[in-house]
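Below is one structure, written out as structure tokens, with a few remarks after it.
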Protein chains: 2
Amino acid sequence: MASDKLSLIFSALADPTRRAILAALALGPMPVGEIAKPFDMSEPAVIKHLKVLERAGLVETDRKGQMRPRSLNAQPLAEASSWVEQYRQFWETSFDQLDAYLEELQAGEQE
Amino acid sequence: MASDKLSLIFSALADPTRRAILAALALGPMPVGEIAKPFDMSEPAVIKHLKVLERAGLVETDRKGQMRPRSLNAQPLAEASSWVEQYRQFWETSFDQLDAYLEELQAGEQE
DNA sequence: TGATTATATAACCAATTGGTTTTCATTTGT
DNA sequence: ACAAATGAAAACCAATTGGTTATATAATCA
């Protein structure tokens with residue numbers, strides 16, 4: 001996998017388990033045990049997902065006694081958002097289809 | 001990799017080569033040879049990237065004689081955008097930190 | 001101190017990814 | 001018909017992913 005920031009973020013989001021973890025953490029910080037509960041997989045598997053999210057900067061770890069509660073840091077999503085938003089015009093006005101049509105017209109004229 | 005739609009989209013975006021391909025196609029449809037030119041990798045490698053983008057619905061293939069020009073379809077990005085936008089409040093107002101604080105207050109009251 | 005709880009690490013494994021080179025298929029031009 | 005050009009497919013490979021179980025570490029409790 002590419003290790004630039006944006007790739008790490010998109011890659012972290014490319015898994016339903018990880019997106020569900022983010023949704024849970026949106027309600028507030030939570031210890032690992034509680035994060036893992038809803039998932040049909042071992043805790044180590046969930047910890048691996050958390051590490052992916054941490055590497056993308058989306059999750060942070062705290063230390064409360066013997067627990068290491070995780071919390072959401074949505075900041076990196078701003079970057080993802082601004083990348084995606086570059087393309088908004090292309091889907092909003094079906095500009096892509098219009099563009100393809102215009103290209104065809106133009107190609108026709110050139111021949 | 002997970003094969004739900006959103007995962008396919010985010011996963012397709014999680015690579016700089018693929019994002020560059022989308023940027024190129026935003027300027028208009030383009031045959032494979034031209035798409036591949038700027039990249040320091042073989043054409044089959046680029047075709048593989050194109051297949052990933054197609055599977056996510058972001059790229060479509062046409063047929064113009066012996067060429068198969070690809071074009072951008074940004075529609076799936078609308079879905080990615082709306083997922084990310086769910087979290088906008090969390091990064092815009094540092095709401096996550098405020099929320100964590102409120103959670104703690106509330107937890108204190110309940111005990 | 002010793003047991004329990006919460007989390008992390010290690011070692012392992014099958015499947016996927018992202019690249020390669022080689023070969024094949026299709027369309028065009030002579 | 002044949003050569004050239006464009007694109008796709010196949011076979012291969014190393015590294016990564018996403019899971020497992022077993023073991024280790026750290027903090028709390030009795």
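Chain naming here is simple, since letters A, B, ... match the order of the sequence lines and numbering starts at 1 in each.
In this structure, B:I35 atom CD1 and D:dA8 atom C1' are separated by 14 Å, rounded to whole Å. What separates CG of A:D15 from C1' of D:dG18 is a distance of 8 Å, to the nearest Å. C:dG18 atom P lies 12 Å from atom CZ of B:R19, rounded to whole Å. Atom CD in B:E34 sits roughly 10 Å away from atom P in D:dG7 (whole-Å rounding). The nearest whole Å value for the distance from the NZ atom in A:K37 to the P atom in C:dT7 is 10 Å.
Of the possible donor and acceptor atoms, one in the side chain of B:R70 sits under 3.5 Å from a partner among the backbone N and O of B:R68.
When the side chain to side chain contact (heavy atoms under 4.5 Å, CB included) test is applied to A:K48, no partner is found at least two apart in sequence or on another chain. Every residue two or more places apart in sequence or in another chain that forms a side chain to side chain contact (heavy atoms under 4.5 Å, CB included) with B:V52 is listed here: B:A12, B:R18. In this structure A:E60 satisfies the salt bridge (Lys or Arg N to Asp or Glu O under 4.0 Å) test with no other residue, sequence neighbours excluded. Scanning for salt bridge (Lys or Arg N to Asp or Glu O under 4.0 Å) contacts around A:R88 gives A:E85, A:E92, with sequence neighbours left out. The side chain to side chain contact (heavy atoms under 4.5 Å, CB included) check on A:S7 picks up A:A2, A:D4, B:P16, B:R19, with sequence neighbours excluded. Legend: residues meeting salt bridge (Lys or Arg N to Asp or Glu O under 4.0 Å) with A:K5, ordered by chain and number and at least two apart, are A:E79. Applying the salt bridge (Lys or Arg N to Asp or Glu O under 4.0 Å) criterion to B:E43, with sequence neighbours excluded, gives no partner residue.
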Along nucleotides 24-30 of chain D, 5' to 3', which nucleotides get a B, which get an S, and which get a -, given that the test is a protein heavy-atom distance under 4.0 Å?
-> ---BS--
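When each of A:L25, A:I21, A:I9 is checked for a side chain to side chain contact (heavy atoms under 4.5 Å, CB included) with A:L53, only A:I21 meets the rule.
When each of A:P31 and A:A2 is assigned the nucleotide of DNA chain C with its nearest heavy atom, A:P31 is the one assigned upstream, toward the 5' end.
Sorted by first and then second residue, the ring-ring contact (aromatic ring centres under 6.0 Å, His included) pairs with a member in residues 41-84 of chain A read A:F10-A:W83, A:W83-A:Y87; sequence neighbours excluded.
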What's touching nucleotides 14-16 of chain D from the protein side, N or O pairs under 3.5 Å?
none

Donor-acceptor pairs are to be reported for all side-chain atoms of residues 26-41 of chain B against protein atoms at under 3.5 Å, with residues two or more places apart or in another chain.
none

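Within residues 41-54 of chain B, the residues that have a heavy atom under 4.0 Å from DNA chain C are, in order of number, B:M41, B:S42, B:P44, B:A45, B:K48, B:H49.
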